Each structure stands twice: as structure tokens, then as C-alpha cells.
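These numbers come from a predicted model, not from an experiment.
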Amino acid sequence: MQVYEAPLRDMRFVIHELHQDDGFGNLEALEEFSPDLVDAVLEEAAKVAQEVLLPLNRSGDIEGCVLENGVVRTPKGFKEAYEMFRDGGWCALASDPEWGGQGLPEAVNKMTEEMICSANLSFSLYPGLTHGGTTAIEAYASEDLKQFYLPKMVSGEWSGTMCLTEPHCGTDLGMLRTKAVPQEDGSYKLTGAKIFISAGEHDLTPNIVHLVLARLPDAAEGVKGISLFLVPKYLPKDDGTPGPSNGVSVAAIEHKMGLKASATCQLNFDDSTGWIVGKPGKGMEAMFKMMNTERVSVGVQGLGVGEAAYQSAVYYAKDRLQGRSLSGVKNPNGPADPIIVHPDVRRMLMTMRAYNEGCRALGGWVSRALDAEKHATDPAVKQNAEDFIALMTPVVKALFTDLGHESANLAVQVYGGHGYIAESGVEQYARDARIAMIYEGTNGIQALDLVGRKMPAHMGRYLRSFFHPVSAFVEANKADAQFGPMIAALEKAFGALQLSTGTIAQKGMKDPEEAGAAATDYLRLMGLVAMAYCFAKSAMIARDRLGEGSEDAGFYKAKLATAQFYFDRILPQATAAFLAIKAGKASMMALEDAAF
């Protein structure tokens, strides 16, 4: 059974308590958003997620999207839900007020995104892609394009997509063939085919704004010859309403493993009119503005599914009667005890819980940096925030989606045979979560980005944005009477991360394959250390609140228990990652291609 109640108490803990000393300081531009206002926004978002979107999750999966006469129909209830979502201002939550946005902190926006993803991941893609598109347009488009398109996209009146992948090329975008021919009026005519376009066609908005990568006639080979273009589905009239068709057609919708209520389309552009965004040949720079925004959001998708899967598993584990507790009968009036009494079921539930709380805490830290990047007035703070975001974006995207999918699979395991059949609803989480490890750059690509670009950038400057606060925290708290062992475990894992950094840097300079072989384990190791740091801070805050006699003692005791489980049962994975990195590429690359 799919059940979900937004984890508002933990969200408030992350926003109001956990990251107050993160080095980004108080941001004057966000001072109007008081804790009471933030809490009110989160509570309203929870109502939308639980009451409007969750009931459509399974029905949308069963019904799916349908292509009829070139038009995609979303499942029953989606159009009405989107209208309510748009009219409620949820599309514009964190966007710039200049374009009609509400300007709320990203720390609040990301928590709202998590709730939407938990309740209905397919639905989340429609407004999510639009928000990503507005970031690229705002940063790189001409003033005319911004003035015309941003208000409609920010409000959710029109939606947006990103069109990169083609049938013959995915990650290697240097191979793309879509052409853009300049016109006398300054526009371009685009021709080509794109695949895997999320929200590429649907019936939720009257117009869809595609951001399309293409080549000019005189473009250089490879990625240096790629430009970015804004191509609407319908050419707007002078009054801003959709006009004639712009030669954008749907060849098919993909028949997918999951996310069946999200229209993933194959699109054809046939002499479609578009306008360049940014400079010729600099399309990847502009597109990465959107992609990096989306990568953090995709990480939140993993967390959202993980939380929903966890809650559904807890519900079932408390209800399902099977066997007796190893320590004695717990349900004497029933034929058996609920399965939540069994240690292995507890192992799975606690693993999911720790993954979710760890990812939420780390995501909150990154969100604080996103706010500082945008609003900090101190250049040093802004630079540190930018460095931290650059370093942590691949970690958030890859780690959160890995763990979200693992949590979804654990939920199926908790349900047993009932988890494998569709009626339970949890097998949908496993199917839906799987794509997040693939799109916006596979998790292997994220790991390569981390070791190949982020780790060596500016002589390791990005690393310092993370290493310095962890090191300072360890030094300040290693003698703590209660949490000394926990801090020692963090210090050991952090030491393994530092040694791994040096090993990869040294070996990678001589042999790039060594860095490639270590990349995935290194990303996991960094993520484990980052979550351990957040859990150690959380535990110390919980201890202090309990000492103050907090009325919310149950929450803080649970936080302590989850933190201890993380250090006992999950952080030891850091040792395995370190040993794998030390082993190098030899056995990985030993077989000749023909031997596989």
C-alpha cells in the first residue's frame, strides 16, 4: 500500500537547526522568510502532496500516457492537479520575483520538491523541467526572450523541456546532428530528431518551450560546435497566446520501465523556428546551467522515492503478522507477531531511514549553498558556496539516486511476495526510481565528473569547501565524552577520503584509467563521509535539546538512534570503498574485450 505523510519535523530540523553554522551566514535577502512562514509553506506543500498528488500516483502508473493523433494525453486527474498546482503558485516558489516568482529560499524549495517526488514522481517532472529551463534562459538568453518567455514559464502557464539526446548519441553530445540554419530576421530554422525528452508533449499547458542543442552550418566538430536554441511548440502571437504549429511533432512516446505517467517523447523538429540562447558554439555552457540545476533536483527525486518507500514498508511491517519474536512473544492476542519485531526487517527499515535522513541533511546543506551563491554579499562566502555546489552536485545526484533505488528495493523485500505484485504499490517505487540513476548523466558519469573535473579544479580548491568544515568539526569535538567514538569513526572515514584523494591524484596523472576505475567508489566514499558529518552534528544537537528538556524528546531520541545506526552499520562501507580504490584498475581491465 502506498502511504505517505510528509516528514515535516525532520525538514524543520534540517532547515532551522542543523546548518546554522555552515559558514554561509545569514542572508539579508532571505530575512523576510521567518521560520513561521517557512513552516507554513511546508505544511501547505504537504497537503498538496498528500491530498492531491499521492492519490494519482498508482492510477497514473496504471493508466499511463497515451499518444493520439500527435497529441499526448496524460492520465486522468493530472490536468486538474496541474491547474491547482499552478494556480497555487507552486511552480514559481523559488523563482526570481522579477519574473513573477516568489523568491523563497532553495532550502525550502528543495524540501517541497522532495514532497512532490515522494507523492508522485511522474507529476514532478512536468514543473521540474520547466524550472530548470528558466534557469538557463534567465542566465543566457537575450532580454527580449527573457521578457517574453520567463513570466509564462515561471508561472507554469507554459512548460519547458531540455532536448539533448539523439538516437545515435547520448552522453557523447559532440556527435549530435540537429542543424540550425540562420534566417535574415535573426531567428534560426532547426531540423533534427531528439529522443528521451521528458515532458516533451502533453496536455497540461497550451504551449511547451523546448531548449534544443543543435549545430550551425559552420560549426566546429565536437562539443565546441554546439549551440542552444529556444524553440516553442507553437509560435506565439503578438499578444502572447499560442499561434501556429512550429514544426515540432511527436514520433512516439517511450514505453518505459517506470514513470509511466510522465510523457517521455521522441520529437522531430522540421524547419522549426528558434532563437539562440547564449553565444554561438557555447550551447553546452548554457545547457549545463540547466543540467546542474536538474542534477540536484534528480538527487531529490531519489530521496523522495526513498522516503515514500520507507513509509510504505513501515506501514506493512507493523501490520503484517508472521512468526514470533526471537526474544519472546510480542503480540500474545494474535496468531503471530508483526514482522517489525524481526532483526532483519529492522535492519532494512533502519537502513532506509538512515539513508533518507542522511540525504535530507546533506541536501539541506547544499541548498544553503545554493541560497548563498545567489544572495550572499560577501565575495568570499559566495565563492565558497559556488565551490561547494560544484563539488557536491555530482555527489547529490549519484548518491541520492543510488540510495533511493536501494530503499525502493528494500521496501519490496520487506513486503516479500506481496511487494512483487502490483497491488501493493511498492514495486512501482522500484521501477520509478531506476531512471534517476540514468538521466541527467548516468551515475558513472557523475563520478567521472567528480574525479576528473571537480577534484583537481583550481588546485583542489573545491575540495577545501568540504574538507575544511569537516576537519574543523572533528578537531573541535573529538574529545567529547559522549560522542568521542562517533567522532573517531568520522575521523577515520575522513582520513580514508583524504588518502583516496591523494591516491587518485597521483595515479590518475600517470594513467587516466586509474582515476576512472576509482571514480564510483570515490563518490560513494565522499557521500558517506558527508552524511556522517551531518549525522554527527545532528546527534550533538539532539543531545543538547534533550538536555534542555525539549518537549519533542521523542524526535531527538529517534535522531540519536538513527545516527548511531548509521555509524554502526552504514559508515563501515567507507572502508570497503577505500580498499577498492587502493586496489586500482588491474583486475577491472585485465580481460581482453573478446573474452567477455
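The neighbour count for Asn26 CG, taken as heavy atoms of other residues, nucleotides or ligands under 6.0 Å away, does not exceed 12. Crowding of Phe196 atom CZ: a count of heavy atoms from other residues, nucleotides or ligands under 6.0 Å not exceeding 12. Few gaps surround NZ on Lys79; more than 12 heavy atoms of other groups in view lie less than 6.0 Å from it. The 12-atom threshold is not exceeded at CD of Glu28, counting heavy atoms of other residues, nucleotides or ligands nearer than 6.0 Å.
Here the straight-line distance linking atom CG of Leu448 with atom OG1 of Thr442 works out to 8.0 Å at 0.5 Å rounding. A distance of 4.5 Å separates CE in Met115 from CG in Leu42, rounded to the nearest 0.5 Å. Taking CG of Asn57 as the start and CG of Leu53 as the end, the distance is 9.0 Å to the nearest 0.5 Å. In this structure, CG in Leu230 is found 5.0 Å from CD1 in Ile137, a value given to the nearest 0.5 Å. A distance of 9.5 Å separates CG in Asn292 from CD1 in Ile389, rounded to the nearest 0.5 Å. Distance check, rounded to the nearest 0.5 Å: CG of Leu93 to CE of Met111 gives 13.0 Å.
No donor-acceptor pair closer than 3.5 Å links the side chain of Lys110 to the backbone N or O of Val366. Although no hydrogens or angles enter the test, the distance criterion places no donor-acceptor pair under 3.5 Å between the side chain of Arg461 and the main chain of Asn384. Under a 3.5 Å cut-off, the side chain of Arg431 and the backbone N or O of Met257 do form a donor-acceptor pair. Between the Ser227 side chain and the Gly281 main chain, a donor and an acceptor come within less than 3.5 Å of each other. Panel note: side chain Lys194, backbone Gly200; no donor-acceptor pair is recorded below 3.5 Å. When atom types are taken as modelled, the side chain of Arg177 and the backbone of Arg215 share no donor-acceptor pair closer than 3.5 angstrom. Proximity of a side-chain donor or acceptor of Asn356 to a complementary backbone N or O of Gly306 within less than 3.5 Å is detected. Side-chain atoms of Glu113 do not come within 3.5 Å of backbone N or O of Ser297 as any donor-acceptor pair. For Lys374 (side chain) and Leu370 (main-chain N/O), no donor-acceptor pair under 3.5 Å exists by modelled atom type. Of the possible donor and acceptor atoms, one in the side chain of Asn207 sits under 3.5 Å from a partner among the backbone N and O of Tyr234.
The side-chain tip of Lys152 points at the ring of Phe148 from less than 6.0 angstrom away and within 45° of straight on.
Contact check for Met531 versus Cys359: side-chain heavy atoms found under the 4.5 Å cut-off. Side-chain contact check for Met526 versus Leu450: some heavy-atom pair is nearer than 4.5 Å. At a threshold of 4.5 Å between non-hydrogen side-chain atoms, the residues Met455 and Tyr462 do not count as touching. By the 4.5 Å heavy-atom criterion applied to side chains, Glu201 and Ile208 are counted as neighbours. Contact check for Tyr429 versus His405: no side-chain heavy atoms found under the 4.5 Å cut-off. Residues Glu157 and Thr205 have side chains not in contact (no heavy-atom distance under 4.5 Å, counting atoms from C-beta outward). By the 4.5 Å heavy-atom criterion applied to side chains, Asp387 and Arg464 are not counted as neighbours. For the pair Glu106 and His375, the minimum side-chain heavy-atom distance is 4.5 Å or more.
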Verdict with reasoning, Val52 to Tyr82, per side-chain contact (heavy atoms from CB on, under 4.5 Å): CA-CA 10 Å; Val52 179; Tyr82 182 82; over 6 Å; no
Check against side-chain contact (heavy atoms from CB on, under 4.5 Å), Phe78 and Leu56: CA-CA 7 Å; Phe78 268 59; Leu56 299 175; 3.9 Å; yes
Verdict with reasoning, Leu27 to Phe33, per side-chain contact (heavy atoms from CB on, under 4.5 Å): CA-CA 11 Å; Leu27 304 174; Phe33 300 108; over 6 Å; no
Worked check of salt bridge (Lys or Arg N to Asp or Glu O under 4.0 Å) between Lys146 and Glu143: CA-CA 5 Å; Lys146 287 192 284 188; Glu143 193 62 30; 3.6 Å; yes
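Note: Phe85 and Phe123 meet the aromatic proximity criterion, with ring centroids under 6.0 Å apart. Side-chain rings of Phe269 and His210 approach one another, their centers coming within less than 6.0 Å.
Minimum interatomic distance between Lys260 and Asp61 (heavy atoms only, all atoms of both residues): CD-O, 3.5 Å. Nearest approach of His202 to Ser159, heavy atoms of both residues: NE2-OG, 3.0 Å.
Here Glu114 pairs with Arg360 in a salt bridge; the nearest charged N to carboxylate O distance falls below 4.0 Å. Salt bridge annotation for Arg9-Glu357: absent, with no cationic side-chain nitrogen under 4.0 angstrom from a carboxylate oxygen.
Judged purely by distance below 3.5 Å, without hydrogens or angles, the side chains of Asp449 and Gln446 never pair a donor atom with an acceptor atom. Counted by atom type alone, Asp144 and Ser142 present zero donor-acceptor pairs between their side chains at under 3.5 Å. A donor-acceptor contact closer than 3.5 angstrom is absent between the side chains of Lys233 and Asn246. In this structure, a donor-acceptor pair under 3.5 Å is absent between the side chains of Tyr439 and Glu294. In this model, a donor atom of one side chain and an acceptor atom of the other lie less than 3.5 Å apart for Lys189 and Thr273. With no hydrogens or angles considered, no side-chain donor-acceptor pair links Ser34 and Asp36 at under 3.5 Å.
Between Phe466 and Phe388, the ring-plane angle classifies as tilted under the 30° and 60° cut-offs.
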